[in-house]
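Working notes, structure below.
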Amino acid sequence: MKYFVQLCVLSVLIPIALGTIPGTACASGSGFLIEIDGPIGPAIKEHVVKSLREAHDQGAQLVVLRIDTPGGLDASMRDIIKAILASTVPVIGYVGPSGARAASAGTYILYATHHAAMAPATNLGAATPVPIGGPPKMPEIPADKQEKEAEGQDSPADPAPGNALERKAVNDAVAYIRSLAEQRGRNADWGEEAVRSGASLSASEALEQNVIDTVAADIPALLDALDGKILQVNGRDVTLQTEGLVLTPLEPDWRIELLAILTNPTVAYLLLMIGIYGLILEGYSPGALVPGVVGAICLLLALFALQLLPVNYTGLALIILGLLLMIAEGFMPSFGVLGLGGVAAFVIGSIMLLDTGVPGYQLPLALVAGIASASVLLIAMTMFLLLRSRRRAVVTGRETLIGATVEADEDFHGEGTVWLHGERWTADCSAGVRKGQQLTITARDGLRLTVEPSEVSKSTEES
């Protein structure tokens, strides 16, 4: 009986250890689909890294990473590649459907995948890193060098194009893509050409030059081509069994969707404007609460988004300076000097803020122009109101009392009391005054008035 029990226990434990019980067989036959659609940024990075971790936890056989991107941020791209290289699940890179592209950062990601595939009528390449401020300008060849080259004479070797910082970025990108190519057994020379000269390839040309492994019309065709292939994943050989495999799409959760909205340059810029103006309005009218609360929340969200984006902090400082100058125009009228200077600083700072040259991460110039135009109109309206108020008669203060009409509260000669705007004031008059008589204020000394009979009361007495 004891041996029978031991035999039963072993019959359960051995299949579990070998992964042959029905539950693990289902997990090993599963696959997931992750989509990179649009510019690569913090939100897509979070989605890919989280999805690869989930695929590992669920014991998936493979993950298909469908790519259609114009490029993106270098930091997000490198985090995605780190996750792919560390993945224990085979990651299949697929540029599709037809018409898609894996440009710039997408090329590096495709090189990093365990198996690279493309759909017909797709392309990849143009992987030159773009620094903040836009792509570097290529230096012109001097006339004397052109003449020597035309004559076939050798000229001294010139330094690589661009400044030292740009050359360092390009050389670093070259070394990075060559290391990925060597690890996956792909064409490292073309990868270097894509970085240095921005070369691009179609799907068929990429297959001929050993840049990718497969051309497939769609994902079912890709799975058919993968069936039986052996891939090396983290130092071990993995045989794919994709016949009848159904891919489960992994969708981003609400946190990633919110991050995608916040890191949109237009949204981050608008949040920054709302935050600054909200705090300014709260300062104008303390206790209003709503502008201050909304402004503080929007400003914190904007700062969170900007710290994830490649922000030029000189541009951010110019934006803040421009807003302060435009506000100062309302307190210290300078006939438009402060206001126009503020608009100029605001526009220049807005253009510099996120203009990185990375597709999908430029600030729309139409948005900047719209806010700048609204600021100019606001300054013009402020100046108009200030000039109109200067021409308007004074209605409050000491100046308004001189010449005002008051009514005598009692009969008096010399010192008495009069009614002024519903208040009883002490008044002096050199003439005799009757109760109810209309008097005119001629002077004021503190809370004491000097009055005299008004013209109306004089004419009444004469008649």
Side-chain angles (χ1 to χ4, degrees), residues 13-36 45 47-67 77-96 102 106-119 124 176-188 191 203 206-207 210-250:
L13 294 179
I14 291 175
I16 293 176
L18 296 177
T20 57
I21 61 174
T24 56
C26 178
S28 64
S30 62
F32 294 103
L33 175 66
I34 306 173
E35 295 193 358
I36 296 180
K45 181 262 295 185
H47 175 48
V48 174
V49 172
K50 179 182 177 182
S51 298
L52 289 178
R53 188 164 54 245
E54 183 177 346
H56 167 75
D57 294 340
Q58 297 194 20
Q61 181 184 170
L62 59 81
V63 169
V64 174
L65 189 63
R66 192 186 68 78
I67 303 171
M77 172 199 77
R78 288 177 181 263
D79 288 341
I80 291 174
I81 291 176
K82 287 178 185 177
I84 293 173
L85 296 178
S87 174
T88 58
V89 179
V91 179
I92 313 301
Y94 178 65
V95 184
T107 301
Y108 295 84
I109 294 174
L110 191 64
Y111 260 78
T113 56
H114 300 95
H115 187 92
M118 296 176 68
L124 82 162
Y176 192 47
I177 201 168
R178 289 192 73 93
S179 66
L180 296 174
E182 291 167 2
Q183 181 167 357
R184 301 305 186 203
R186 300 196 177 106
N187 191 334
L207 183 63
N210 191 32
V211 174
I212 62 172
D213 306 299
T214 305
V215 173
D218 49 28
I219 289 182
L222 173 63
L223 295 178
D224 291 340
L226 289 173
D227 191 36
K229 284 193 176 295
I230 301 175
L231 302 180
Q232 191 175 55
V233 182
N234 276 349
R236 62 186 180 88
D237 291 337
V238 176
T239 302
L240 301 180
Q241 298 177 355
T242 58
E243 184 178 357
L245 182 68
V246 177
L247 298 179
T248 302
L250 292 177

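Given the structure is predicted, the values throughout are model-derived calculations rather than measurements.
- For the pair Q61/Q241, a side-chain contact is recorded, criterion being any heavy-atom separation below 4.5 Å from C-beta on.
- Residues satisfying the side chain to side chain donor-acceptor pair (under 3.5 Å) criterion with R178, sequence neighbours excluded, are D189, E192.
- A heavy-atom distance below 4.5 Å is found between the side chains of R78 and Y176.
- I212 and A203 get closest at one heavy-atom pair: CD1-O, 3.7 Å.
- Between F32 and L247 there is no side-chain heavy-atom pair separated by less than 4.5 Å.
- Every residue was checked against the salt bridge (charged side-chain N to carboxylate O under 4.0 Å, His left out) condition with R184, not counting sequence neighbours, and none meets it.
- The shortest heavy-atom contact between S30 and G59 is OG-O, 4.2 Å.
- Taking CD1 of I67 as the reference point, atom OG1 of T107 lies at 9.0 Å (rounded to 0.5 Å).
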N/O donor-acceptor pairs under 3.5 Å from side chains in residues 82-92, not counting sequence neighbours:
{"from": "S87", "atom 1": "OG", "to": "V89", "atom 2": "N", "distance (Å)": "3.0"}
{"from": "S87", "atom 1": "OG", "to": "V89", "atom 2": "O", "distance (Å)": "2.8"}
{"from": "T88", "atom 1": "OG1", "to": "H56", "atom 2": "ND1", "distance (Å)": "2.7"}

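- The CG atom of L65 sits 9.5 Å away from atom CD of E35, with the distance rounded to the nearest 0.5 Å.
- Two residues are said to be in side-chain contact when any heavy atoms from C-beta on lie closer than 4.5 Å; V211 and R186 fail this criterion.
- For R53, there are no salt bridge (charged side-chain N to carboxylate O under 4.0 Å, His left out) partners two or more places apart in sequence or in a different chain.
- Closest heavy-atom contact between I109 and M77: CG1-CG, 4.1 Å.
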query = Would T248 and L33 satisfy side chain to side chain contact (heavy atoms under 4.5 Å, CB included), going step by step from the backbone distance to the final call?
reply = CA-CA 6 Å; T248 302; L33 175 66; over 6 Å; no

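- Sorted by first and then second residue, the salt bridge (Lys or Arg N to Asp or Glu O under 4.0 Å) pairs with a member in residues 228-247 form an empty list; sequence neighbours excluded.
- Between the side chain of R66 and the backbone N or O of G96 there is at least one donor-acceptor pair closer than 3.5 Å.
- Across every non-hydrogen atom of L110 and Y94, the tightest pair is CD1-N, 4.3 Å.
- Here the CG-NE2 distance, from L52 to H47, works out to 9.5 Å after rounding to the nearest 0.5 Å.
- Here the side chain of S51 pairs no donor or acceptor atom with the backbone of I34 at under 3.5 angstrom.
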Worked verdict on L62 versus L245 for side chain to side chain contact (heavy atoms under 4.5 Å, CB included) = CA-CA 10 Å; L62 59 81; L245 182 68; 4.1 Å; yes

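- Residues T214 and L207 are not in side-chain contact: their nearest non-hydrogen atoms beyond the backbone lie 4.5 Å or more apart.
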ask   = Would L222 and D218 count as a side chain to side chain contact (heavy atoms under 4.5 Å, CB included) if you check the C-alpha gap in whole Å, the side-chain angles of each, and the deciding distance to 0.1 Å?
value = CA-CA 6 Å; L222 173 63; D218 49 28; over 6 Å; no

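- By the salt bridge (charged side-chain N to carboxylate O under 4.0 Å, His left out) test, K50 pairs with D253, sequence neighbours left out.
- In this structure a side-chain-to-backbone donor-acceptor pair under 3.5 Å is present from D213 to A116.
- Between A181 and Y111, the shortest heavy-atom contact is CB-CE2, 3.4 Å.
- Here the shortest heavy-atom pairing between L180 and A112 reads CD2-CB, 4.1 Å.
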